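Have a look at the structure below before the remarks.
The model shown is predicted, which means the values in this text are computed figures rather than measured ones. To find a chain, count down the sequence lines: A is the first, B the second, and so on, and within it residues start at 1.
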Amino acid sequence: MKAAVAVEEKLVRVLGDGGRVDQGKDPGLADRDLLTLYRTMLLNRLVDERMFRLQRQGRIAFYIGSAGEEAAIIGAAFALEDRDWVVPCYREFGAAYLRGFPLRDFFCQVFGNADDLIRGRQMPVHIASPRLHLLSVSSPVGTQIPHAVGLAMAARIRKLKEVTLVFFGEGATSEGDFHVSMNFAGVFKAPCVFLCRNNQWAISVPGTKQTAAESIDIKARAYGFEGIRVDGNDVLAVYTTTRKAVEKARSGGGPTLIEAFTYRQGPHSTSDDPRSYRGEEEVEEWKKKDPIARFRQYLEARKLWDEDRDMTLARELNDQILSTLKEVENIGPPPPETAVEDVYAEIPWHLREQREEIIRRAARQRQSWPR
Amino acid sequence: MAEMNIIQAVNDALRVEMERDERVIVMGEDVGRFGGVFRATQGLQERFGPDRVFDTPLAEAGIVGTAIGMALHGLRPVPEIQFADYIYPAFDQIVNELAKYRYRSGGQYTCPVVIRAPYGGGVRGGHYHSQSPEAYFVHTAGLKVVIPSNPYDAKGLLISAIRDDDPVMFFEPKRMYRAAKGEVPEGEYSIPLGQAARVREGDQCTVLAYGAMLHTARDAVDLAAAKGIGCDLIDLRTLLPFDIEAILTSVKKTGRVVIVHEAPRTCGFGAELSATISEKALLHLEAPILRITGFDTPFPYTWERAYLPDAERVLAGIEETVAF
């Protein structure tokens with residue numbers, strides 16, 4: 001951790017101790033915007049907590065959360081306009097929600113039910129929405145990064161002033177796709193912002209085992225563009241930094257790599273138990289730097305928030321989560337034969353045959369198929 | 001009509017589609033200023049400009065990965081992989097991303113990318129300029145796989161592939177790039193994907209082939225005809241989805257099948273054809289289905305003539321099958 005402590009000093013930071021802010025650094029967001037950010041971060045946290053509980057109760061198969069990384073995810077997405085694109089990894093529900101992804105659609109996706117926009121095709125949290133300019137989530141690490149560069153190149157070719165923001169973790173920076181994408185982005189001056197959530201753990205492997213470099217941001221230099229390291233638990237710092245990078249990209253200045261230095265407070269996913277590879281003290285230290293708590297201190301210092309309002313909001317959000325869950329939990333799965341649809345635009349002969357087989361089997365065995 | 005070779009036909013198809021649809025773009029290694037190492041994209045950058053025809057860094061995963069992003073934005077990229085042998089760095093992007101995007105997004109997104117790549121041996125290219133990797137991609141749900149054998153088909157199929165809303169792997173038989181010549185109409189025409197063509201007609205044996213091997217198989221079928229053995233020769237043209245009707249109609253007539261491809265035998269495309277025919281037409285068969293293919297070795301340099309099926313080997317296979 002020595003290297004990380006040393007480079008922590010050069011982190012871009014806006015939120016100081018006790019919610020104090022250096023006036024020169026405050027992005028000057030309207031009160032309404034500040035409260036939107038806070039509300040979204042809190043909702044993200046509460047949804048995660050509820051989903052983990054659902055998984056433990058056996059009501060969903062799997063979940064992958066964002067606890068501790070809400071500022072990096074939501075702060076960055078807040079720097080975009082509607083016409084811009086978000087290319088998510090698998091922890092960006094908060095970014096999707098901020099852009100208008102309905103909670104109901106999210107829960108339908110988590111259940112993989114008949115109302116799921118992706119028709120039960122992927123594990124929970126693997127959302128997609130062309131309407132919101134949100135690409136489809138893929139489980140393999142880093143594979144989405146070249147798509148983001150391609151989107152940005154297409155926007156440039158079509159002379160549209162759209163910017164693409166792509167999310168990935170520090171583990172992804174070991175993948176070839178990351179390096180290939182950075183190289184293409186530099187060569188084509190693609191209007192693309194790379195947002196690396198350095199949460200310090202790729203399942204059980206610490207960041208120091210991913211790279212011998214002192215930090216991630218410096219990797220941009222070799223590809224011919226700027227890299228910036230920001231306090232990923234400081235939503236205003238992430239927002240300000242991303243906003244600058246987005247404007248630079250929009251005005252033809254090319255890509256930027258932003259390393260948001262943060263921490264994965266929870267397990268990698270519901271299938272993971274971090275107690276076997278990292279100490280509780282480390283987790284506790286980082287919980288003291290929790291991005292939601294830090295932002296709340298700032299809002300309180302600005303007299304925009306207090307404990308009463310916080311409890312009311314949490315109750316409201318939890319009610320909304322529970323009532324939406326109740327509304328969708330009993331929607332059944334899509335018909336089994338839809339499994340052969342969307343492989344192609346039209347169903348070819350061999351899949352038509354296989355669809356018949358599924359229909360025949362469903363008539364006989366459906367009762368025994370697990371939900 | 002002009003006489004063209006396959007390279008000229010491919011070039012013409014790209015030109016026609018780029019004129020018709022400004023969303024079509026061409027990208028890859030050396031495809032821009034130089035016009036491609038086989039000259040398939042010659043003159044396109046001059047005609048359509050560097051925004052629509054451009055050289056990329058030397059990274060196949062990046063070529064395919066960024067092409068996916070461009071397609072998701074609404075463009076119709078036609079990336080070139082310089083040799084099919086070099087496609088493997090892009091394998092994950094093709095198999096896990098390109099092929100799956102429509103399915104995994106519930107049909108909300110589509111990825112109309114056409115990946116062009118010269119394939120096959122017979123050019124003294126050794127293991128890394130001779131491979132036929134089509135079976136990997138035929139095994140991948142979400143892709144279409146097309147392999148033309150002649151200039152007319154190359155143009156008509158490439159135009160269909162570019163207009164198709166699904167990703168297409170378009171493998172071009174490099175050995176026949178300049179050797180296969182034929183009349184090619186000017187302007188637009190298309191050949192539907194999924195339709196085979198009957199090249200020779202006969203009722204004693206069905207010979208199935210595609211790409212460069214179609215020419216080898218045709219030579220063999222002509223030699224057989226001279227010996228009094230009449231064969232149906234079917235050029236599959238599209239491997240996925242393949243033309244099951246054309247195949248079964250012929251097999252039910254002849255009762256005997258020889259499949260020819262230059263890719264290795266084990267789990268090659270011939271295995272799929274053989275299995276499907278057995279499942280659907282077993283009682284029509286008079287002899288075991290025979291595969292004449294490349295061997296299960298890496299592609300050899302010095303002995304490529306021993307490796308590649310030739311007319312003599314295919315003829316021997318036809319005779320053996322007919323005599324069974």
Side-chain angles (χ1 to χ4, degrees), chain A residues 85 87 109 116-122 126-131 135-140 143-160 162 164 176-177 179-181 183-188 190 192 334 338-346 348-351 353, chain B residues 22-23 25 27 51-52 54-75 77 89-90 92-93 96-113 141-144 164-167 193-194 240-245 272 276 280:
Chain A
W85 293 79
V87 181
Q109 196 283 323
D116 174 9
L117 292 172
I118 68 162
R119 313 185 76 194
R121 299 278 167 60
Q122 291 218 82
H126 289 52
I127 52 178
S129 175
R131 179 175 68 86
L135 290 199
S136 154
V137 175
S138 185
S139 309
T143 55
Q144 76 280 18
I145 311 175
H147 308 165
V149 178
L151 274 177
M153 288 166 70
R156 203 180 52 87
I157 290 168
R158 304 173 101 180
K159 304 193 170 28
L160 298 168
E162 302 167 356
T164 300
D177 276 342
H179 296 276
V180 159
S181 304
N183 190 43
F184 270 60
V187 168
F188 292 106
C192 186
T338 60
V340 306
E341 292 169 9
D342 304 317
V343 182
Y344 300 95
E346 287 167 28
W349 69 267
H350 63 295
L351 284 175
E353 287 186 358
Chain B
E22 64 173 17
R23 298 172 304 169
I25 61 149
M27 58 190 289
D51 271 355
R52 292 184 65 198
F54 54 89
D55 293 318
T56 64
L58 206 165
E60 292 78 8
I63 293 170
V64 174
T66 56
I68 292 170
M70 290 185 224
L72 294 170
H73 199 286
L75 294 176
D92 184 44
Q93 283 293 334
N96 268 336
E97 302 293 323
L98 178 66
K100 303 299 183 283
Y101 226 98
R102 175 189 291 280
Y103 192 74
R104 78 181 203 211
S105 65
Q108 296 182 93
Y109 281 109
T110 166
C111 252
V113 176
L143 298 177
K144 294 181 178 177
D164 201 277
D165 284 333
D166 291 310
L193 304 187
L240 185 67
F242 58 91
D243 188 344
I244 186 67
E245 274 180 40
E272 181 59 36
T276 305
K280 293 182 181 293

Engaged part of A/S138 at the chain B interface, taking heavy atoms whose separation is under 4.5 Å: both
Residue among A/A155, A/G120, A/G176, A/P348 with most heavy-atom pairs under 4.5 Å to chain B: A/A155
NZ on B/K100 to OG1 on A/T143, rounded to 0.5 Å: 12.5 Å
Interchain contact, B/A59 with chain A, by part (heavy-atom threshold 4.5 Å): both
Verdict with supporting geometry, A/Y344 and B/L240, side-chain contact (heavy atoms from CB on, under 4.5 Å): CA-CA 11 Å; A/Y344 300 95; B/L240 185 67; 3.5 Å; yes
Best-contacting candidate, B/A61, B/P167, B/G74, against chain A by heavy atom pairs under 4.5 angstrom: B/G74
Max heavy-atom pair count under 4.5 Å with chain A, selected residue of B/I244, B/D51, B/L75: B/I244
Shortest non-hydrogen contact from B/Y109 toward A/A128: CE1-CB, 4.2 Å
Point-to-point distance, once rounded to the nearest 0.5 Å, from CD of B/E22 to CZ of A/R158: 8.0 Å
Which portion of A/A339 sits near chain B, non-hydrogen atoms under 4.5 angstrom: both
Separation of B/E97 CD from A/Q144 CD (nearest 0.5 Å): 8.0 Å
Closest non-hydrogen atom pair, B/D166 against A/A345: OD2-N, 2.9 Å
Which of B/Y101, B/F54, B/Y103 touches chain A most, by non-hydrogen pairs under 4.5 Å: B/Y103
Residue, of A/V87, A/I127, A/V137, that accumulates the most heavy atom pairs under 4.5 Å with chain B: A/V137
Distance in Å, A/E353 CD paired with B/K280 NZ, rounded so as to fall on 0.5 Å steps: 3.0 Å
Interface residue of largest heavy-atom contact number with chain B, from A/L135, A/N183, A/T338, under 4.5 Å: A/L135
Top contributor to chain B contacts, counting heavy-atom pairs under 4.5 Å, from A/R156, A/E162, A/H126: A/E162
Nearest-0.5 Å distance that lies between atom CD in B/Q108 and atom OG in A/S136: 8.5 Å
For chain A, the option from B/I68, B/I25, B/I63, B/T66 that forms the most heavy-atom pairs under 4.5 Å: B/T66
Proximity breakdown for A/P130 and chain B, heavy-atom pairs closer than 4.5 Å: both
Residue among B/A67, B/A71, B/G69, B/G194 with most heavy-atom pairs under 4.5 Å to chain A: B/G69
Closest-packed option against chain B by number of heavy-atom pairs under 4.5 Å, given A/V343, A/V180, A/L160: A/V343
Which portion of B/S105 sits near chain A, non-hydrogen atoms under 4.5 angstrom: both
Interface moiety of B/L143 toward chain A, non-hydrogen atoms closer than 4.5 Å: backbone
A/R119 to B/G106 - nearest heavy-atom pair and separation: CD-O, 3.6 Å
Plane angle bin for B/H73 and A/W85 - parallel if under 30°, tilted between 30 and 60°, otherwise perpendicular: tilted
Exercise: identify the closest heavy-atom pair between B/M70 and A/M153: CE-CE, 3.4 Å
